[in-house]
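In the text below, chain A, chain B and the rest are named by the order of the sequence lines, each starting its count at 1.
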There are 4 protein chains.
Amino acid sequence: MARKRSEQCHLAILEAAASVLDERGYLGMTIEEVAQRAGAGKQTIYRWWGGKPMLALEAHYAVPANQHTIADTGSVEGDLRTHLMKLVAALSDGERARTIAGLMAEAQTNPKFAVAFREKFLEPKRAAMQAVFELGKERGELPVLADAYLLTDLIYGPVWYRLLVGHAPLDGGFVEALITSVMAAARAPHCSMVGNRDE
Amino acid sequence: MARKRSEQCHLAILEAAASVLDERGYLGMTIEEVAQRAGAGKQTIYRWWGGKPMLALEAHYAVPANQHTIADTGSVEGDLRTHLMKLVAALSDGERARTIAGLMAEAQTNPKFAVAFREKFLEPKRAAMQAVFELGKERGELPVLADAYLLTDLIYGPVWYRLLVGHAPLDGGFVEALITSVMAAARAPHCSMVGNRDE
Amino acid sequence: MARKRSEQCHLAILEAAASVLDERGYLGMTIEEVAQRAGAGKQTIYRWWGGKPMLALEAHYAVPANQHTIADTGSVEGDLRTHLMKLVAALSDGERARTIAGLMAEAQTNPKFAVAFREKFLEPKRAAMQAVFELGKERGELPVLADAYLLTDLIYGPVWYRLLVGHAPLDGGFVEALITSVMAAARAPHCSMVGNRDE
Amino acid sequence: MARKRSEQCHLAILEAAASVLDERGYLGMTIEEVAQRAGAGKQTIYRWWGGKPMLALEAHYAVPANQHTIADTGSVEGDLRTHLMKLVAALSDGERARTIAGLMAEAQTNPKFAVAFREKFLEPKRAAMQAVFELGKERGELPVLADAYLLTDLIYGPVWYRLLVGHAPLDGGFVEALITSVMAAARAPHCSMVGNRDE
DNA sequence: AACTAACCGAGACGGTACGTCTCGTCTTCGC
DNA sequence: GCGAAGACGAGACGTACCGTCTCGGTTAGTT
C-alpha cells in the first residue's frame, strides 16, 4: 500500500555511484558524495543497499561493459581467448580495475559483503568458465577426467593475482600464455579432486 | 645528543601489534589500541612504521612461522610440495590467513603500501619460486624454454585466489592438483613471454 | 462529495499521543511513534494538526484533568486557593508537569506554535485569573486601582518559575504563601501600569 | 604528560558559539557550524562541553554584558531597581533574550542540562537576590519574618514568565510595578515557609 | 449503481544534524 | 631529544526524525 520504490531514484543513485567510482576510485567513494550527486538522501542508499560495498558492486555491475558473458566459439581455446581478451581489455581501464580490486579488498575485511561478492559476482563467472570446460569434455577436446573446477582456479587465479599485485601487465601475451598452460594442464592425466569444493 | 631508539619499545609494539592482529584481525586493528597495549605513544608508531599497514606487515613477518623459505629437495615437484604444504598449513590458521588477506586488501587502496608490500613481501617469494623452476631447467627436469615467471604466476595465482575468495579450501588435495597441473604446463612447449615483466 | 474526517482516527491519534507523552515525555514523543501506535499514517497527523506541538497541546488538553476552570467561591482568596490547589495537584504528576513544561519549551523555539500556545492555552487562563481580581474589585475586596493584569503575572509567574526551574516544590505551602503575598500586593496602593499590555 | 588543553581553541570555540547564537538563535545553532567557524573539530567540542546546551550556556555567560551582579545601593528598593533595570535592558536585545529562553527550554527536555543550568546559572542569581532581602532585614527595612526565598520567586517568577510567554513587555514600568508589589508583600506579615526549599 | 473526490494506512523520499569513530599531526612533560 | 600521553583538525560514518510525496484501498456523497 505504501509508495513504491522510485526507479528513477534507484537509477540516479547507481549512476552517481558509477561516476564517483570513476573519479575517485572505490576507496575515495563516500556515501555522502553519492547521495549528493544523485540528489538523494543518505537513508535511501542505506535502505536499499545497506552500505558502500553493495552499492559499489551493483554500480559496477550495472555498467554493460562490466557484464562479461562467455560466448560459445566452438572450441575451448576459442572461448577462453575471446573471453579473456575482453576481460583484460576491460581491466586495462585503470579505474575500472581499481574498482573491482577495491571490491575484492572490501570482501577481505567485511565478511557479510564477502558472501554477497562471491555469490553475486564471482560464482557466476566461475560457473560460466566451468561450463566451457565441461562442454570441451563433451566435445572430446578435453579428457573426461579433467577437473573443470580446478581449471577455473588455474585460469582466474593468475588473472586476479596480476590484477591485485600489479607486478606484470594483464595483456594479450599473458592471455595466450595462460591459455596454452591451462590447456596443457587440462590434457594431462590427473586424478579428480576431492574435498576442494564448496560444501 | 638524542636518546637512541629503544629496542625494548620496538619489540613491545611489534608484540602488541601481533596480539591485536590475532584478536581483531587486520581491519579491527587500530594504532590507538596497539599503542595502548604496548604502553607506547601513537607518535612512536607513526615515527618508525609510518602507519598501520607497515606495522602489520612487520608484525606478521616477525612471527617465525610466517617466514617461509623454499628448501631444495632435489626435484621441482618436491620443492613445490614441501613449500606449498607448509604454506597451506600456515594459512589454515584462520586469523593468520585473514591478516595477510588484509594486507593484500590494504595494498589495493593504498598505493604507497602496495609498493612496499610487493617489494618486501611478495617479490622475495616470487624470486624463490622462480629459482625453483630455473633450477629445474638446469637439472633438465623442465624444458629450457619454460617460462619461470609465468609458472610462478600459475602457482601463486590460484593460491591467492582461493585465499581471498574462500570458495574452496587450501588443502593438501589442492596442492597436489596444482603441482600436477603446473608441471604439465611447464613441460608443454610454449613460446616465451614478451612484455609481461616488471619494467 | 468527499469522504469525511474519521472521528475514530482522530481519537485514536489523540489517545496514542497522550500515551506517548506519558511514557516518553514531550521531547521523546515523535510523530512517527504516535502514528504507528494509532495505526495511522503520518500524513493524517500533519493534515489535521500540522505538527508535534499542536498535537501535544490538544492531547494534553483533551485530558479532563487538565481543563482547569476557576470557580467562584465568593472571595478572591478562596478563588485563588481553590484554583491553585487544583493546579499544583495536577502538576504533581511528574509526566504531566513535564508535558506542559515541554510545550512552553517548544514555544521558545517555535514562534508559530508560541502564538497558538499563548492564545489557546495561556490567555484563557490569564483571562479567568484577571476576572477573579476584577470581581474582587467590584466586591470591594481589592482597591479599584489594583492592576489585575499585573496581579495575574504575580500569581502565574512564580508558579511557572518553580515548574520550569524545579528548585522548590509546587505544594500547598507555596500556594498559601503566594496567595498571602499577592493579596498584600493587591491591597497596597500602586499606580496603574502603562505600556505593559498586549498591543 | 599529555598535551594540555589549548586555551586558544577554547576561546575560538566560545567566540564562534556566541556569534552563531547571535545570528541564528539557540535553536538554529548547530555544533557543526560552531566547529567550522572556530576552525575546530566537532570532537573537541564534545570533549569539553559534551553538547550544545552546555556550550551555549558557557558562551552566553562568557559575554560580560550577561554577567549581572547586584550592587549594594543602600536600600532594598534601590538594589532591586538597579539590578532589574539592567536585566530588562539586557533582555531587550531580542536575540539575547531568545538565547536564555532557549536555554530554559533545553532544560525542560534535558534533565542533565537542567541541573547544570540551575546550579551554574540560576542559583547564583537567586542567592544574590536572597542576599538583598536578608540585608534588608538586617537593616530593618523588612520584617525579620520576611521569607527571602519566596520573595526571590516573586521577583524572578514574573520576569521569566514575561520573558517566556512574551504577552507583555519587560520594561521600566513593569519593573517599578513589580518592585512596589514585592515590597508590599515583603512588609506584610506572613508565616515563614515550610517545605519549599531545595532538599 | 457507478462515479469520483477526499480520506486513510503505509512508507519511500530529500534533507539535516546528530554524536561517534578513527585517522595522522601536534604539543607538553618526564626521563 | 626520545618517548608516553593525549588534545587537536578533519571528515565519513550510520542513525534518527523531520515534513513532503506517492501509492492503493476505502468511504461517502452525488449523478
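- In the interface, the side chain of Q43(C) is not paired with the base of dC7(E) through any donor and acceptor atom under 3.5 Å apart.
- Proximity of a side-chain donor or acceptor of R98(C) to a complementary backbone N or O of Y26(C) within less than 3.5 Å is not detected.
- Listed nucleotides dG9(E), dT22(E), dA7(F) differ in distance to R47(D); the shortest reach to its side chain belongs to dA7(F).
- Of the candidates dA7(F), dC18(F), dT28(E), the closest approach to any side-chain atom of I31(C) belongs to dC18(F).
- Distance, Y46(D) OH to dT22(E) C1': 17 Å, rounded to whole Å.
- Mapped onto DNA chain E by nearest heavy atom, E7(A) and K42(D) fall at different nucleotides, with E7(A) at the one closer to the 5' end.
- Using a distance-only test at 3.5 Å, with no hydrogens or angles considered, no donor-acceptor pair links the side chain of K120(D) to the main chain of V115(D).
- Atom pair R24(B):CZ and dT22(E):P shows a separation of 10 Å (rounding to whole Å applied).
- Using a 4.0 Å heavy-atom distance criterion, G39(B) is classed as a sugar-phosphate-only contact.
- Between H60(A) and F121(A), the distance separating the two ring centers is shorter than 6.0 angstrom.
- Residue K112(A) contributes atom NZ, which lies 10 Å from atom P of dG14(F) at whole-angstrom precision.
- Closest to the side chain of E32(A), out of dA5(F), dA12(F), dG14(E), is dA12(F).
- If you measure from atom CH2 of W48(B) to atom P of dT25(E), you get 15 Å, rounded to the nearest angstrom.
- The interatomic distance linking I13(D) (CD1) with dA7(F) (C1') rounds to 11 Å, in whole Å.
- Summarising the geometry, the separation between CD1 on I45(C) and P on dT20(F) is reported as 13 Å, rounded to the nearest angstrom.
- Taking atom CD of Q8(A) as the reference point, atom P of dT22(F) lies 11 Å away to the nearest angstrom.
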